[in-house]
> 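Starting off with a structure, shown below.
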Amino acid sequence: PLQECLGEIAMVAVPISNIFLENLSAANVNELVSATLGLPPQDTLSLSNALHTKTRGNPMFVKQLMRALVDERLLSYSANARRWQWNLQAIQLKAIADNAVDLLVDKMMKSYGAKNRDILRMASCLGSSFDETTMIMLCSQYAGSNQKDLLKQLGEMTADGMLIQSGPTYMFSHDQIWQACYELTPVEEREEMHLKRELRYLATYSVVR
């Protein structure tokens with residue numbers, strides 16, 4: 001969609017400037033980690049170097065990796081010491097995926113409960129994007145989630161980076177995440193969800209007409 005939009009702009013002779021951003025340097029990552037954890041840069045240097053090595057300075061990967069380390073308590077806040085602490089050796093030895101997609105899929109498989117995974121599986125059968133109303137209908141029938149719980153769960157998954165929200169529409173943040181969720185769904189269940197989606201679209205089209 002972005003390339004199509006840029007092509008249309010170029011056709012009407014509107015100047016376009018391209019700005020190519022490089023990955024963060026090790027020093028940049030240390031500034032980010034220092035500011036995030038509220039610690040002096042010299043205290044976060046060992047952690048930020050490990051993060052930079054594993055992410056190659058991609059800002060999104062750094063963010064997702066830090067979240068994963070917190071989830072696994074390799075990075076945690078100590079109330080006694082009143083500061084963030086980390087297990088550097090465990091972080092350095094940990095076999096962490098080298099991109100954010102793998103980290104998110106890994107989080108879904110290890111940290112999400114069955115209900116959240118069911119929601120993502122149902123959403124994946126609706127396509128790479130889906131509307132709130134259809135999800136409410138499906139989840140009330142198959143996952144036992146009421147509207148309030150569903151919206152809360154969708155909000156949590158959006159905060160985790162699994163989904164992106166635009167008004168009442170949600171989309172998977174990456175096609176590989178969508179595909180991973182879709183592949184978790186049995187074939188017969190996919191067909192049933194596809195049918196539910198088509199029936200809803202037909203009903204909506206009829207009302208509009």
Side-chain angles (χ1 to χ4, degrees), residues 1-6 18-24 28-29 32-33 35-36 51-72 74-75 94-139 142-143 145 147-186 189-190 193-194 196-197 200-201:
L2 174 60
Q3 294 303 321
E4 291 179 5
C5 179
L6 292 176
N18 295 314
I19 302 175
F20 297 95
L21 302 179
E22 300 292 338
N23 283 349
L24 300 176
N28 295 151
V29 172
L32 175 63
V33 174
T36 302
L51 294 175
H52 185 266
T53 298
K54 292 183 178 296
T55 63
R56 295 186 294 277
N58 184 299
M60 184 176 71
F61 298 175
V62 172
K63 178 181 177 181
Q64 295 299 337
L65 177 53
M66 290 185 72
R67 284 182 172 177
L69 295 179
V70 170
D71 289 344
E72 297 182 28
L74 296 178
L75 173 64
K94 181 175 171 56
I96 298 176
D98 64 358
N99 63 62
V101 174
D102 287 345
L103 285 173
L104 287 171
V105 172
D106 187 63
K107 179 181 178 69
M108 176 185 70
M109 297 302 296
K110 293 182 179 179
S111 303
Y112 277 14
K115 182 167 285 190
N116 275 4
R117 286 199 298 270
D118 285 344
I119 289 172
L120 286 172
R121 290 195 301 104
M122 284 186 282
S124 71
C125 293
L126 300 178
S128 59
S129 63
F130 55 93
D131 68 275
E132 201 171 83
T133 305
T134 303
M135 278 302 297
I136 291 171
M137 177 194 71
L138 288 177
C139 287
Y142 296 97
S145 292
Q147 179 174 343
K148 182 179 179 181
D149 288 342
L150 173 62
L151 294 179
K152 179 182 177 181
Q153 289 162 316
L154 290 175
E156 291 172 352
M157 289 183 273
T158 300
D160 282 341
M162 296 283 183
L163 303 172
I164 299 171
Q165 182 182 9
S166 178
T169 301
Y170 293 82
M171 64 191 75
F172 285 90
S173 58
H174 196 285
D175 282 347
Q176 290 183 33
I177 297 173
W178 168 37
Q179 188 65 33
C181 296
Y182 190 71
E183 289 176 354
L184 289 174
T185 310
E189 191 174 328
R190 296 178 193 174
M193 294 297 175
H194 291 163
K196 291 286 184 181
R197 177 189 64 184
R200 171 158 181 77
Y201 287 167

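Just so it is clear, the values below take in all heavy atoms, side chains as well, and ignore hydrogens, waters and symmetry mates.
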> Say you draw a straight line from CD of E156 to OH of Y112; how long is it, rounded to the nearest 0.5 Å?
8.0 Å

> Where do A180 and V105 come nearest, in terms of heavy atoms and distance?
CB-CG2, 4.0 Å

> So, taking the atom named CG in D71 and the one named CZ in R67, what distance separates them when rounded to the nearest 0.5 Å?
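With rounding to 0.5 Å, CG (D71) is 9.0 Å from CZ (R67).
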
> Drop me the distance from M122's CE to M137's CE, to the nearest 0.5 angstrom.
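Here the interatomic distance stands at 10.5 Å.
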
> For residues L51 and L32, determine if any side-chain heavy atom of one lies less than 4.5 Å from a side-chain heavy atom of the other.
no

> How close do W178 and S124 get, heavy atom to heavy atom, and via which atoms?
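In terms of heavy atoms, the two residues are closest at NE1-O, 2.8 Å.
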
> I'd like to know if the side chain of S173 reaches the main chain of M162, judged simply by a donor and an acceptor atom lying under 3.5 Å from each other, with no hydrogens or angles considered.
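Yes, the answer is positive, given that a donor and an acceptor are paired below the 3.5 Å cut-off.
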
> In terms of heavy-atom contacts, does CD1 of I19 have more than 12 from other residues, nucleotides or ligands at under 6.0 Å?
no

> Look at D118 together with R121 and state whether they make a salt bridge at an N to O cut-off of under 4.0 Å.
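Result for this pair is yes, salt bridge flagged.
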
> Keeping Q165 on the side-chain end and G167 on the backbone end, is there a donor-acceptor pair under 3.5 Å?
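Side chain of Q165 to backbone of G167, a donor-acceptor pair under 3.5 Å: yes, one is there.
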
> Distance from E132 atom CD to L151 atom CG, nearest 0.5 Å?
4.5 Å

> Using side chain to side chain contact (heavy atoms under 4.5 Å, CB included), reason through M109 and L184 one step at a time and then give a plain yes or no.
CA-CA 10 Å; M109 297 302 296; L184 289 174; 3.8 Å; yes

> Please round to the nearest 0.5 Å and tell me the distance separating atom OG1 of T133 and atom CE of M135.
11.5 Å

> Is the backbone N or O of N28 less than 3.5 Å from a side-chain atom of H52, with the two atoms forming a donor-acceptor pair by type?
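No, because the side chain of H52 does not come within donor-acceptor range (under 3.5 Å) of the backbone of N28.
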
> When you compare the side chain of P168 with that of D131, does any pair of heavy atoms fall below 4.5 Å?
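Result no, sub-4.5 Å side-chain heavy-atom pair not found.
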
> To the nearest 0.5 Å, what is the distance between CD1 (I164) and OH (Y170)?
12.5 Å

> So if I apply the side-chain contact (heavy atoms from CB on, under 4.5 Å) rule between M108 and each of N116, I177, L120, which one comes out positive?
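The side-chain contact (heavy atoms from CB on, under 4.5 Å) with M108 is passed solely by L120 among N116, I177, L120.
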
> Which pair of heavy atoms, one from C125 and one from T185, lies closest together, and at what distance?
SG-CG2, 3.8 Å

> Checking T55 against N58: is there a side-chain donor and acceptor pair closer than 3.5 Å?
no

